[in-house]
Amino acid sequence: MKRILSLSALICILLSLSACSAEPPGLADAFESDFYTALGDTEYRGRLTAHSDSLMFLMTAPYTVEGMSFEYTDDGLSIGKNGMKTEINCDYIPSAALPSMLHNALNYLDSASYKGSEDGDDIYTMPTPYGDAEIRAISGLPRMLTLPDGAEIGFENAVRIGQE
């Protein structure tokens with residue numbers, strides 16, 4: 001009788017554990033978020049708007065780039081400031097520049113694969129032109145992006161776009 005009770009309890013525990021292994025929702029392909037990072041001795045901040053076919057950054061810090069916007073679309077890249085805007089070739093922006101780093105990683109959100117959970121974050125990896133990046137998310141919204149070179153970009157106040 002004890003063996004039957006022990007076996008039943010073990011089966012219940014195993015079934016309970018297997019029910020917890022469901023994959024979380026996929027990463028949002030349309031969202032807005034504040035972002036921040038430190039590259040070298042400079043701290044950068046801005047607002048990011050991502051759609052499946054475009055990516056826009058509005059820089060808010062440091063003061064030297066405050067108000068600059070970078071908009072990536074299928075047609076190329078637009079850079080603007082103070083109401084003026086110009087179209088440029090994406091190849092002219094160095095890959096180590098923050099807009100390129102974000103674009104090169106977030107352009108591959110739809111290729112992200114779920115790796116597991118840790119400390120309440122869902123962890124995904126995604127390929128980029130420079131190696132695999134890792135993104136931590138909560139409910140499909142990004143919280144932290146770690147680029148292949150180790151640079152970290154944090155996201156705050158992220159909200160989905162286009163869902164009622």
Review point. Between Ser78 and Glu87, is any side-chain donor less than 3.5 angstrom from a side-chain acceptor?
Key: yes

Practice item. Please report the shortest heavy-atom distance between Gly140 and Ala137, naming the atom on each side. Key: C-CB, 4.2 Å

Study note, to complete from the structure: The reported gap from CZ in Phe155 to OH in Tyr36 (rounded to nearest 0.5 angstrom) is 9.5 Å

Study note, to complete from the structure: Separation between CG (Leu27) and CG (Leu141), nearest 0.5 Å, reads 9.0 Å

Review point. Using 4.0 Å as the upper bound for N to carboxylate O, is an ion pair formed by Arg45 and Glu156?
Key: yes

Review point. Just by modelled atom types, is the Phe35 backbone N or O under 3.5 Å from a matching donor or acceptor in the Ser33 side chain?
Key: no

Check your understanding: Are Leu77 and Glu71 side-chain neighbours, meaning at least one heavy-atom pair lies under 4.5 Å?
Key -> no

Check your understanding: So, does Ser52 use its side chain to make a donor-acceptor pair with the main chain of Asp29 at under 3.5 Å?
Key -> no

Check your understanding: Could you state the interatomic distance from CZ (Phe70) to CE (Met56), rounded to the nearest 0.5 Å?
Key -> 10.5 Å

**Study point:** Between CG on residue Asn89 and CG on residue Asp91, distance to nearest 0.5 Å
**Key:** 4.0 Å

Review point. Would one find more than 12 heavy atoms of other residues, nucleotides or ligands at under 6.0 Å from atom NZ of Lys81?
Key: yes

Exercise for review: Indicate yes or no: at least one non-hydrogen side-chain atom of Thr37 is less than 4.5 angstrom from one of Leu102.
Suggested key: no

**Study point:** Residue of the set Ile153, Leu147, Leu109 for which side chain to side chain contact (heavy atoms under 4.5 Å, CB included) holds with Ile135
**Key:** Leu109

**Study point:** For Tyr124, ring pair (Phe, Tyr, Trp, His ring centres under 6.0 Å) partners two or more places apart
**Key:** Tyr114

Point to revise | Asp149 side-chain N/O to Ala151 backbone N/O, donor-acceptor pair under 3.5 Å | key: yes

Review point. Can you find a pair of side-chain heavy atoms, one from Asn107 and one from Leu55, that are under 4.5 Å apart?
Key: no

Review point. Does a side chain donor of either Ser117 or Asp122 reach within less than 3.5 Å of an acceptor in the other side chain?
Key: yes

Check your understanding: Can you name the side chain to side chain contact (heavy atoms under 4.5 Å, CB included) partners of Glu134, sequence neighbours left out?
Key -> Ile123, Arg136, Thr146

Review point. Taking C-beta and beyond as the side chain, do Ile79 and Met68 meet within less than 4.5 Å on heavy atoms?
Key: yes

Review point. Would you say the side chain of Phe57 lies within less than 4.5 Å of the side chain of Ser69, judging by non-hydrogen atoms?
Key: no

Study note, to complete from the structure: The reported gap from OG1 in Thr125 to OH in Tyr108 (rounded to nearest 0.5 angstrom) is 14.5 Å

Exercise for review: For the pair Glu32 and Arg160, find out whether any cationic side-chain nitrogen is under 4.0 Å from an anionic carboxylate oxygen.
Suggested key: no

Review point. Angle class for the Tyr72/His103 ring planes (parallel below 30°, perpendicular above 60°, tilted otherwise)?
Key: parallel

Review point. Considering all heavy atoms of both residues, which atom of Pro148 and which atom of Thr128 are nearest to each other, and what is their separation?
Key: CG-OG1, 3.5 Å

Exercise for review: Quick one: list whatever passes side chain to side chain contact (heavy atoms under 4.5 Å, CB included) with Asp53, sequence neighbours left out.
Suggested key: His51, Asp74

Review point. At what distance, to the nearest 0.5 angstrom, does OG1 of Thr49 lie from CG of Leu58?
Key: 8.5 Å

Practice item. State, yes or no, whether a side-chain contact exists between Tyr44 and Thr42 at a heavy-atom distance under 4.5 Å. Key: yes

Check your understanding: Would you say Met59 and Leu98 make side-chain contact, with heavy atoms under 4.5 Å?
Key -> yes

Check your understanding: If every non-hydrogen atom of Arg47 is compared with every non-hydrogen atom of Asn157, which pair is closest and at what distance?
Key -> NH1-O, 4.0 Å

